[in-house]
Enquirer: 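Submitted below is the structure of interest, expressed as structure tokens.
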Amino acid sequence: MSDQAHEVADRGDSLVPSQSAGQTASEGVTDPRPEVMSATTLNVELPSVVHDYPAAVLLIDTGPNQDTGFNHVVYVNDLARQLAPDASLPIGVEDWSRAAGLKVDTGAALSASSTPLSQLAAGEPESGRQISAALQSQATHAREALWAIGMPLRGAPQPLRARSLLVLMPLRFPDAVADVQAAAVSDRARGSVLASELAIAISDPTAADDPLIWVSPSFEHLTGYTSTEVLGYNCRFLQGRDTDPAAVQQLREGLAAQTTVSQTLLNYRHDGSAFYNHLVISPVFDADGTLTHHVSVQSDVTGQVLAQRERETAMREAERARQAQAAAQQAQAAAEEAGRFGQLLLRLSEALTATVSLQEVTTTLTGVLADELGAVGGGLLLPDVSATQLNFTTLHDMPAGTDAAWTRIGWQEDAPAALAARTRRAVFYPDTQALLAAHPSITTHAALAAMGASAHLPLVAGHDVVGVLFLYWDRPHQLTAQQQEALRALARYTAQAVQCATLINQRRSAAEVLQRSLLTHLPEPDHLELRARYVPAAAGEHVGGDWYDAVVLPEGATTVIIGDVTGHDMVAAAHMGQLRGLLRAYAFDREEAPAAIVSRLDRALSGLGIDGLATLVVACIEQSDHDKAAGLRRLRWTNAGHPPPVLLHVDGSTEVLESEPELLMGLLPATTRTDHVHVLPPGSTLLLYTDGLVEHRGRSISDGISDLRRVLSTYSGQNLQELLDHLVHELVGDSPDDDCAILAVRAHREDRDRPAEAGPNRLN
């Protein structure tokens, strides 16, 4: 059978050195080492469980080999190959075990255990052992429990008896594992075939023309020839008119060199039908090193070959399309560069879409361009209101020695940025000398000396120049035409981002002015110290519906208010302003309990058609003659669906002023409101707050209130400004999800002077 070649039935790239279907004969694989056969089979079939379930199968040669010694793997099916993809056959059994990362159920390496893979392959113990492999396969997960069981093929004819079958079966198929175990201990299994689709043939190279002396039943099924018809003949009878002669010649040369060879040939069955036969032929030597047999393993890979041809056809069509596209762009190199800069522009456009400030625009541009074009720094220049001067608003990685003169450039000045703005054309200079030659009035200084190439790109939006983008390199650099065009396109994206960032900045400035105008300048009633904070959300317009307020009433009591209108935008702020004005007026115009004030507000919201929902706490700090004699004050409050106030005592303990929940504002104008009363001891601190202080993503209000009480107790000895600083730092942080308002009131003794001013109430 020196003219045949058949590859292992490994559905994919076999670990046995081989070539893919469709390769030329010159690409066939030969192995320079004289080795024994690569796979084997016998007369009786393995139980169907190996075919019906996802088993990894290995064939192990347990006899001596002059290169590899005893116990080496000569065949693996596809699932076994996936467990050790980097292993090349033949390979020592324990080497394969290490390549697959096999471990026992205790986590130790199988090769270091009391039953290594070579012992399992020998059938000890007969029932097998649980192991796991490091990698996943198409049928198993990494470290999934597998049952390893060996089946020595003792019933095989010579020279096949020194072989053993090793099966790795997932334990999640207990019936299949039990069947394999039963087969392993039966005499029938000792003489089983490796897999029903593998065809095995043995020839005698010591006889004339290397005739076949034994074929398996699978060979008969594959070729359609019976053993009676083929024994005594060379296996070339499978060849036909379209069999590749170059591949056949390669097989002849390999067999003449007594090496293992593999090839895919177009063969013909007994009925004349063609199929692609993938085979491996291995020499078998006796103890003296004399060649005694050739053993071939064959399988039908027609489906694989046809699929490969379809893939190759698709690849050729794709290549023709790629070449046609490249030809339309004048040159392949230019097309590749254009594609790269197209990706650059796409990356920058996506990144610029997410920017909300001019600093972010500059950082994004210079960061990406540093990666793609090697630019090391730059900045944005924006025109002033009169359009007579360009001012650097943001600078990024400017050279050492850059002075203030670089931050202000006159519109008519002899400078590259001014020229770009006036002409609305990009200006490029390959080095400092070229820049100075074009602008002789520029004085050389340290910053210029550190620069190489530079680019000055006008940012044009509609009819207006909204700025100039400046980029520089630290060495001379001639920008290609494609690079310059990409930068011009980049300037168009940047102009839009600058416009958007400027608008956002203006909106935020207006929102902050609005918010500041709506927040009360706290009064300074006798023997009460009031301090407050407003912290805007990190995202959005930095304005929302949270507010605090305090009013000193004509009779001397002080009313304090905390509220939260639903929403986090200008609409919420406007609605908050309406509620704040009404509530402030209602609190001042008559001597009335908090519940009555809120009830009036409920009715007013309905009658005036003011939409929106809000929660709030209105509290009045009052003192009767009896309380004054005792040095006490009383807190009378009502709560409309708002988080409860917290009272901090002098000793550091805290108390949550819980009350029965009542409806928030804006739902039912006839809702009954209730007053609650609590004593304010001297030195105690009342804290009112909105939910932005205590409710964050991943933290409930109840957990937030617990954290609030902890911080209050920890810093109870601090003055109010310091106490509020700690609350904002520990509970809100630098990037709050929601805006929040905090109002703290500390009750001092009547005979104690008011504390020195600790600082203004702040809008953080």
Enquirer: According to salt bridge (Lys or Arg N to Asp or Glu O under 4.0 Å), who are the partners of Glu310, at least two apart in sequence or on a separate chain?
Expert: none

Enquirer: Between Ser227 and Glu220, does any side-chain donor sit less than 3.5 Å from a side-chain acceptor?
Expert: yes

Enquirer: Any salt bridge linking Glu319 with Arg322? Criterion: basic side-chain nitrogen under 4.0 Å from a carboxylate oxygen.
Expert: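 Judged by the 4.0 Å cut-off on N to carboxylate O distance, Glu319 and Arg322 do form a salt bridge.
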
Enquirer: Could you check whether Glu312 and Gln308, counting side-chain N and O atoms only, form a donor-acceptor pair closer than 3.5 Å?
Expert: yes

Enquirer: What do the steps show when you test Arg269 against Asp300 for salt bridge (charged side-chain N to carboxylate O under 4.0 Å, His left out), and what is the final call?
Expert: CA-CA 11 Å; Arg269 297 185 178 90; Asp300 184 352; 2.8 Å; yes

Enquirer: Nearest 0.5 angstrom please: Leu59 CG to Asp61 CG, how far?
Expert: 8.0 Å

Enquirer: Counting distance only, does the side-chain N/O of Gln82 pair as donor-acceptor with the main-chain N or O of Gln138 below 3.5 Å?
Expert: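 Here the side-chain-to-backbone pair exists.
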
Enquirer: Just to verify, what does Arg143 make a side-chain contact (heavy atoms from CB on, under 4.5 Å) with, not counting sequence neighbours?
Expert: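 side-chain contact (heavy atoms from CB on, under 4.5 Å) check on Arg143 returns Lys103, Ser132, Ala134.
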
Enquirer: Regarding Gln298 and Asn277, is there a side-chain donor-to-acceptor distance under 3.5 Å anywhere?
Expert: yes

Enquirer: For Leu110 versus Ser113, what's the shortest heavy-atom pair and its separation?
Expert: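 Answer, listing the atom of Leu110 first, then Ser113: O-OG, 2.7 Å.
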
Enquirer: Would you check if there is a donor-acceptor pair between the side chains of Ser118 and Asn71 at a distance under 3.5 Å?
Expert: no

Enquirer: To the nearest 0.5 Å, tell me how far Leu212 CG sits from Ser203 OG.
Expert: 6.0 Å

Enquirer: Can you name the nearest heavy-atom pair linking Leu487 to Leu479, along with the distance?
Expert: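 Shortest heavy-atom separation between Leu487 and Leu479 comes out as CD1-CD1, 3.8 Å.
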
Enquirer: Got a sec, which residues hit ring-ring contact (aromatic ring centres under 6.0 Å, His included) with Tyr225, two or more places apart in sequence or on another chain?
Expert: Phe237, His270

Enquirer: Ignoring hydrogens and angles, state whether a donor on the side chain of His294 or Asp210 is under 3.5 Å from an acceptor on the partner side chain.
Expert: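 Indeed, the side chains of His294 and Asp210 share at least one donor-acceptor pair under 3.5 Å.
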
